[in-house]
Amino acid sequence: MIFAKKIFITLFMIFGLNLSNASADESAELVVEGQPILTRTKAPSHMENIDEVRSGWTFRIKETQALQMDDFENPGMIFVDKGIDLWNKVEGSKNKSCASCHGDASEFKGLRTVMPKWNASAGALWSMEDHVNNCRTEQMGAEPLKWGKAPMDSIVALIGLQSRGMTMSVKIDGEVQPMWELGKELFYTRVGQLDMSCANCHEDNYGVMIRADHLSQGQINGFPTYRLKNAKLNSIHARFKGCMKNIRATPYKVGGDEFRALELYVASRGNGLSAETPSVRN
Amino acid sequence: MNKLKFLFSFLLIFFYSGASFSEVAPSDVVADEYGAVTASLTGVAGDPANGRKVFMNRKQGNCLACHVNSEMSKQTFHGAVGPVLDGVADRWTAAELRGMLVNSKKVFEGTIMPAFYKDSGYNRTLKKFVGKTILKAQQVEDVLAYLQTLKE
């Protein structure tokens, strides 16, 4: 089964790449396994320069869009399967797995839509990765997983999938407000030798081709996302890092305060869209 | 023998200083209030054929990321962030075009277009690009020579 998927992906990459300059099917509707996914909606009120928010899916070409419409064709699901294995794997000094405490991953239905969020006991803004590592170190006596690596991304994707189709609604006021403000500032700050901000590409120019890439709004409602380019899941912070390097800027630390703040702010720009984890992009 | 050695070192110094003095350092470029730069950065005439290559090369100008012009429209991947450059030589003088290449922000306020001959005043530049310009002085002159061929 997995072998067949791999052949399909390889074929897609050979033929698909030739098409990557073709225009996207911007009016298509996303339905996954019979479930409608909202990919366009009115922008949240805190956004000043955009009226309608759109999932990155709406900017992709038909062939890429199709991969996300069917879980059998979605290569991200291979990693979700790995996430399930990891979910059930007993590890650490306490001989426990995630399943020992949580049973099924469906216990976390809805969680993805409110992440990142304030964690009162830690007194910090938490991403999904923090929940995973906190359970590993505190409940399992296991080593934390590295952010941005396959095991972590797979388990984050498994948890995210439980919320697919539900509405993104991260909280931006209260304790997290200073972080949200910082994230907003970072989004609009020009960095690197190319001297660009996230907004220069993802707010001022979405819908426009930049060389071979069709610029989207840089939404994160579908993360971790499977990218055809590197044939694996990509975490939110890894994507931020990639965009910063492209503009020749020194990225902030993966899992550090700046990227956490940016994650909160970017997530809030997608409030109202459906969670689509695991999405497929090029 | 001694005389010859003397003459030789003299010539070396002459060539060395000649090369470095004729190239205007990024911080010494003089632009007028609209950002136009009249003086050549190198004193050596630009080569349009090389300029065309620099324009397309992803690691050099990568102008094609944002611009295209009919002459290049067969290039599979080009962007549309900036205007089509057909006839750009009719719209702008050489000094204005050089100014846009050196630092477009002085010509178009708040533009997304990078400054190609500016080596300081950036925020968090990746280590390997710190203190460097995106294009070398002669590459700027070469791209300029190419742009000057774009007439309606």
Side-chain angles (χ1 to χ4, degrees), chain A residues 15-24 26 49 59 61 182 185-218 229 240-253 256-259 262 282, chain B residues 26 35 55-69 72-85 100-136 139-140:
Chain A
F15 296 109
L17 280 180
N18 289 328
L19 294 169
S20 60
N21 211 14
S23 61
E26 301 201 10
N49 311 317
F59 296 90
I61 58 166
L182 170 64
E185 187 188 319
L186 294 172
F187 192 85
Y188 288 101
T189 303
R190 289 184 187 250
V191 288
Q193 194 194 32
L194 300 195
D195 209 18
M196 294 177 192
S197 68
C198 315
N200 283 147
C201 288
H202 295 299
E203 181 164 293
D204 303 339
N205 284 293
Y206 66 87
V208 173
M209 295 299 292
I210 187 160
R211 204 121 191 185
D213 294 308
H214 195 205
L215 282 169
S216 73
Q217 291 181 347
K229 185 180 170 182
F240 292 171
K241 185 176 167 184
C243 280
M244 286 189 79
K245 285 182 120 176
N246 283 342
I247 49 177
R248 302 187 175 178
T250 311
Y252 294 103
K253 202 169 155 280
D257 280 348
E258 291 88 352
F259 272 173
L262 195 57
N282 47 317
Chain B
F55 188 99
M56 291 192 284
N57 189 310
R58 283 167 199 270
K59 297 224 154 105
Q60 297 175 358
N62 197 17
C63 312
L64 207 55
C66 295
H67 295 284
V68 73
N69 38 73
M72 266 180 201
S73 59
K74 290 212 176 61
Q75 288 292 323
T76 352
F77 298 132
H78 61 75
V81 175
V84 177
L85 297 183
M100 283 175 208
L101 290 170
V102 167
N103 185 357
S104 56
K105 268 107 190 157
K106 291 196 175 166
V107 184
F108 307 112
E109 203 193 318
T111 186
I112 187 177
M113 180 165 151
F116 290 91
Y117 199 64
K118 174 175 170 251
D119 63 359
S120 60
Y122 294 117
N123 187 5
R124 295 189 72 83
T125 299
L126 265 181
K127 230 185 193 145
K128 64 176 171 175
F129 299 109
V130 169
K132 300 207 168 115
T133 56
I134 301 176
L135 293 181
K136 296 190 172 61
Q139 289 176 323
V140 171

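All values below come from the heavy atoms of this structure, side chains included, with hydrogens, waters and symmetry mates left out. Reminder, nothing fancy here: chain letters follow the sequence lines and each chain counts from 1. Keep in mind it's a predicted model, so treat the numbers as computed, not measured.
For the options T111(B), I112(B), D119(B), N62(B), heavy-atom pairs under 4.5 Å to chain A are most numerous at I112(B). No other option in I210(A), D204(A), L215(A), T189(A) has as many heavy-atom pairs under 4.5 Å with chain B as I210(A). Top candidate by heavy-atom pairs under 4.5 Å with chain A, chosen from L126(B), V81(B), N123(B), is L126(B).
Remark: E258(A) pairs with no residue by the salt bridge (Lys or Arg N to Asp or Glu O under 4.0 Å) rule, at least two apart or across chains. Every residue meeting the ring pair (Phe, Tyr, Trp, His ring centres under 6.0 Å) condition with F240(A), not counting sequence neighbours, appears here in chain and number order: F259(A).
Contacts of N205(A) with chain B are made by side-chain atoms alone, with heavy-atom separations under 4.5 Å and no backbone atom involved. Contacts of K105(B) with chain A are made by side-chain atoms alone, with heavy-atom separations under 4.5 Å and no backbone atom involved. Neither the backbone nor the side chain of S197(A) comes within less than 4.5 Å of any heavy atom in chain B.
Contact check for Y122(B) versus R248(A): no side-chain heavy atoms found under the 4.5 Å cut-off. Under the 4.5 Å side-chain criterion, counting only non-hydrogen atoms from C-beta, M244(A) is not in contact with T250(A).
Of the options V191(A), D195(A), N200(A), a side-chain contact (heavy atoms from CB on, under 4.5 Å) to I247(A) is made by V191(A) and by none of the others.
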